[in-house]
Amino acid sequence: MSDQKLPPRSKDFSEWYNELVIRSELADYAPVRGCMIVRPYGWALWENIQQSLDRRFKATGHVNAAFPLLIPRSFIDKERSHVEGFSPELAVVTHGGGEELEEPLVIRPTSETIIGYAYSKWIQSYRDLPVLINQWNSVMRWEMRTKLFLRTTEFFWQEGHTAHATLKEADIETRQMLDIYQDFAVNDAAVPVIPGLKSEQERFAGADQTFSIEAMMGDGKALQSGTSHNLGQNFAKAFDIRYLDQNGELQYCWTTSWGLSTRFIGAIIMVHGDDQGLILPPRLAPHQAVIVPIFKTDEERTKVMLAARKIRSELVSSDFRVVLDEREGVSPGFKFNDWEMRGVPLRIEIGPKDIAKETVVLARRDIPGREGKSFVPQAGLPDSVRQALNSIQGALYERALKFREDNTTAPENYAAFKGAVEKGFAYSFWCGSAQCEKSIKEETKATLRCIPLDQTGDKGACIYCGKPAEEKAYFAKAY
RNA sequence: CGGGGCGUGGCGCAGUCUGGUAGCGCGCCUGCUUUGGGAGCAGGAAGUCCCCGGUUCAAAUCCGGGCGCCCCGACCA
């Protein structure tokens, strides 16, 4: 903690982000380059994200399991584009027990290969399908440039891996999981996202199709916030995942994989945060409300603390995540600022004046200053808190959506396109050529984020080459 | 891996040019006064000056060589 202000978000977004992550105690730097220590406050947020997603996975028939951290090097080599995609970023274990290993082991950069190995053993008949397994773990990719949560060498995530009898089923699964990510992002994280298909360039190494949800950060840049891959039969062929169908014929399975990582915490920070610090969506916030007691004399203190504790237990019984700030020696004003920096969505102030009137002050994190404050009776507080939190949850989403809309344009021509991607998203016709995509990237630094699923069916001219185009895509600078 | 910046109590920095008692702010500890928007005063603890070597009576400071971190670019969830 420090009594200095954060660097203003508007002035230096990157610096604001770095300092905020440290100061809010979400995470800290580790002794190994690119790795991060997730501190209890950050982990609590991650746990809420986990529960939120896990509930949805279970509701759609998935089960959790754990696969090993170490993978034989040769496994990675079995799928051609997978090798090409991951080789440069592998961490390799060459020694164990004081001796050089016969075959080097890689620390998993993702688990398609080892899961392919297992599935080939487990699946024999169409009766064994589908297999719907998820695992919560961490993986390691040797990144050149890292940033806490957004891109770390080791990151935490979930990776779902499924196997199906038909392409159709795999396709349904891939899209279903994308929907689940969108539902989570919108309804729990209050982060508006664009679901869409990745271009060939941006596709996962080893996938036939990659879908993603793309979100706009507070500086107008895009963040890929969750991905779902249709792996076709690529891994089934590489690892011999086959089943005997109803006609007694041997068939390769169709597999999928999908993941969402601690990167999403970065999205929450960058979508909702302001100059004061974090603003956490009520559904995911470790503390949904903080009670700050205010008093001068010992007599006041006794009364206020009694009331504050009563309020706390009432709210806890109503299933709110609430914390009472009993710290001594720091002023209420300090506590206000401290909890605002840490993004607690609702503050409940209670002092002698409130005791006399049997009220409390509710202060909304999303509306700074006096305007965000209201006096409410202590009686029926759980209902007032519920209402306030719901309202904040909704307001955060609306604000983020408006920001995205205000910073998304459909440029008329390439000159306007160049300007558009400096500020936010450009939504333009694209002819489908990888060459146009590459040229755009070279000239503007913007990449094709996704081809949204809800195409209007209109036709137009490619923003780059002017040739006939049937699809519109989002382009933006990205994290 | 290229370009830029930086390594000095926990954090942020000054001191380096021009070698000579290691300093400031914040935080931390103790006490008193405070407490409705980042409290005040007094006292106190805390530093291999990134590492190794060299020059010198003397190095945070000069010289040589390493290492690490941050920012900007090429690769990526």
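Chain naming here is simple, since letters A, B, ... match the order of the sequence lines and numbering starts at 1 in each. Computed from heavy atoms alone, side chains included, the values below leave out hydrogens, waters and symmetry copies.
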**Student:** Look through every strand shown and name the nucleotide pairing with B:G36 as Watson-Crick or G-U wobble, where both distances are under 3.5 Å.
**Tutor:** none
**Student:** Looking at A:Lys58 and A:Asp54, is any side-chain nitrogen of the basic one under 4.0 Å from a carboxylate oxygen of the acidic one?
**Tutor:** yes
**Student:** Counting only Watson-Crick or G-U wobble pairs whose two distances fall under 3.5 Å, which nucleotide matches B:G73?
**Tutor:** B:C1
**Student:** Which part of the nucleic acid, if any, lies within reach of A:Lys373 when heavy atoms closer than 4.0 Å are counted: base, sugar-phosphate only, or nothing?
**Tutor:** base
**Student:** RNA chain B: A:Lys441 or A:Thr297, which has the more 5' nearest nucleotide?
**Tutor:** A:Thr297
**Student:** How would you label the contact of A:Leu150 with the nucleic acid (heavy atoms, under 4.0 Å): base, sugar-phosphate, or nothing?
**Tutor:** base
**Student:** Using a 4.0 Å heavy-atom cut-off, does A:Asn18 contact any base of the nucleic acid, only the sugar-phosphate backbone, or nothing at all?
**Tutor:** sugar-phosphate
**Student:** How many Å lie between NE2 on A:His229 and P on B:C76, as a whole number?
**Tutor:** 13 Å
**Student:** Regarding B:G38, can its base be found pairing with the side chain of A:Asp338 as donor and acceptor, where the two atoms are less than 3.5 Å apart?
**Tutor:** no
**Student:** Counting only Watson-Crick pairs (N1-N3 plus N6-O4 or O6-N4) and G-U wobbles (N1-O2, O6-N3), all under 3.5 Å, who is the partner of B:G25?
**Tutor:** B:C11
**Student:** Between A:Glu214 and A:Lys198, is the closest basic N to carboxylate O distance under 4.0 Å?
**Tutor:** yes
**Student:** Any base atoms under 4.0 Å from A:Lys445, or only sugar-phosphate, or nothing? Heavy atoms, all strands.
**Tutor:** sugar-phosphate
**Student:** Roughly how many Å apart are B:C52 and B:C13, using the P atom of each and rounding to a whole number?
**Tutor:** 24 Å
**Student:** Give the rounded distance in Å between these two atoms: CE of A:Met144 and P of B:A74.
**Tutor:** 11 Å
**Student:** Just to be sure I understand the rule, does A:Val139 reach a base, reach only the sugar-phosphate, or reach nothing, if contact means heavy atoms closer than 4.0 Å?
**Tutor:** nothing
**Student:** Both distances under 3.5 Å, Watson-Crick or G-U wobble: report the partner of B:G64, or none.
**Tutor:** B:C52
**Student:** Excluding sequence neighbours, so at least two apart, what forms side-chain hydrogen bond (donor to acceptor under 3.5 Å, both in side chains) with A:Lys303?
**Tutor:** none
**Student:** Work out how far the P atom of B:G19 is from that of B:C71, and round it to whole angstrom.
**Tutor:** 36 Å
**Student:** So that I can tick it off, tell me whether A:Arg80 and A:Glu84 are bridged by a salt bridge, with the cut-off set at under 4.0 angstrom between side-chain N and carboxylate O.
**Tutor:** yes
**Student:** P atom, B:A14 versus B:G31: distance in rounded Å?
**Tutor:** 36 Å
**Student:** Give the rounded distance in Å between these two atoms: CD1 of A:Ile294 and P of B:A39.
**Tutor:** 13 Å
**Student:** Once you apply a heavy-atom cut-off of 4.0 Å, does A:Arg347 come out as touching a base, just sugar-phosphate, or nothing?
**Tutor:** base
**Student:** So A:Thr152, base contact, sugar-phosphate only, or nothing? Heavy-atom distance under 4.0 Å.
**Tutor:** base
**Student:** Tell me, please, whether A:Phe375 has A:Lys357 positioned over its six-membered ring: NZ or CZ under 6.0 Å from the ring centre and within 45 degrees of its axis?
**Tutor:** yes
**Student:** Contact class for A:Pro88 vs. all strands (heavy atom < 4.0 Å): base, sugar-phosphate, or nothing?
**Tutor:** nothing
**Student:** What distance, rounded to whole Å, do you find between the two C1' atoms, one in B:U48 and one in B:G43?
**Tutor:** 29 Å
**Student:** Please determine, for B:U30, whether a Watson-Crick or G-U wobble partner exists with both distances under 3.5 Å, and give it or none.
**Tutor:** B:A42
**Student:** Please give, in whole Å, the distance from B:C71 P to A:Lys147 NZ?
**Tutor:** 5 Å
**Student:** Please report the distance, rounded to the nearest Å, between CE in A:Met36 and P in B:C69.
**Tutor:** 16 Å
**Student:** Just call it for A:Gly259: base, sugar-phosphate, or nothing, with non-hydrogen atoms closer than 4.0 Å on any strand.
**Tutor:** nothing
**Student:** Could you give the distance separating B:G73 and B:G9 at their P atoms, to the nearest angstrom?
**Tutor:** 30 Å
**Student:** Within the structure, does a side-chain N or O atom of A:Arg145 lie under 4.0 Å from either OP1 or OP2 of B:G73?
**Tutor:** yes
**Student:** Considering only the C1' atoms, how many Å lie between B:G47 and B:G64, rounded to the nearest integer?
**Tutor:** 26 Å
**Student:** For this output row, return yes or no: ring centroids of A:Trp258 and A:Phe57 closer than 6.0 angstrom.
**Tutor:** yes
**Student:** Tell me: CG of A:Asp354 to P of B:G36, nearest whole Å?
**Tutor:** 13 Å
**Student:** Would you find a donor on one side and an acceptor on the other, under 3.5 Å apart, between the side chain of A:Arg23 and the backbone of A:Arg342?
**Tutor:** no
**Student:** Below 4.0 angstrom from OP1 or OP2 of B:G38, is there any side-chain N or O of A:Ser331?
**Tutor:** no
**Student:** So which one's nearest nucleotide on RNA chain B is more toward 5', A:Glu154 or A:Gly34?
**Tutor:** A:Gly34
**Student:** Side chain of A:Glu143 only, heavy atoms from C-beta on: which candidate in B:G36, B:C71, B:C76 is closest?
**Tutor:** B:C76
**Student:** Give a yes/no verdict on a cation-pi contact between A:Arg404 and A:Phe425, requiring under 6.0 Å between NZ or CZ and the six-membered ring centre and an angle within 45° of the axis.
**Tutor:** no
**Student:** Scan residues 183-209 of chain A for pairs that pass ring-ring contact (aromatic ring centres under 6.0 Å, His included), counting only residues two or more places apart or in two chains.
**Tutor:** A:His82-A:Phe204, A:Phe86-A:Phe204, A:Phe184-A:Phe264, A:Phe204-A:His229
**Student:** Pick the C1' atom in B:A42 and in B:G37, then give their distance to the nearest Å.
**Tutor:** 27 Å
**Student:** Taking the side chain of A:Phe334 as its heavy atoms from C-beta onward, which of B:G36, B:G38, B:C71 lies nearest to it?
**Tutor:** B:G38
**Student:** Base, sugar-phosphate, or nothing: which does A:Phe204 touch, judged by heavy atoms less than 4.0 Å apart?
**Tutor:** nothing
**Student:** Scan every strand shown for a Watson-Crick or G-U wobble partner of B:C17, both distances under 3.5 Å, and answer none if you come up empty.
**Tutor:** none
**Student:** In the structure shown, which nucleotide is the Watson-Crick or G-U wobble counterpart of B:G47, with both distances under 3.5 Å?
**Tutor:** none
**Student:** Between B:U35, B:C70, B:C76, which one does the side chain of A:Glu89 approach most closely?
**Tutor:** B:C76
**Student:** Using atom C1' in both nucleotides, what's the gap between B:G44 and B:G3 to the nearest angstrom?
**Tutor:** 47 Å
**Student:** What integer distance in Å separates A:Arg327:CZ from B:G27:P?
**Tutor:** 13 Å
**Student:** Using whole Å, what does the distance between atom P of nucleotide B:C70 and atom CG of A:Asp28 come to?
**Tutor:** 12 Å
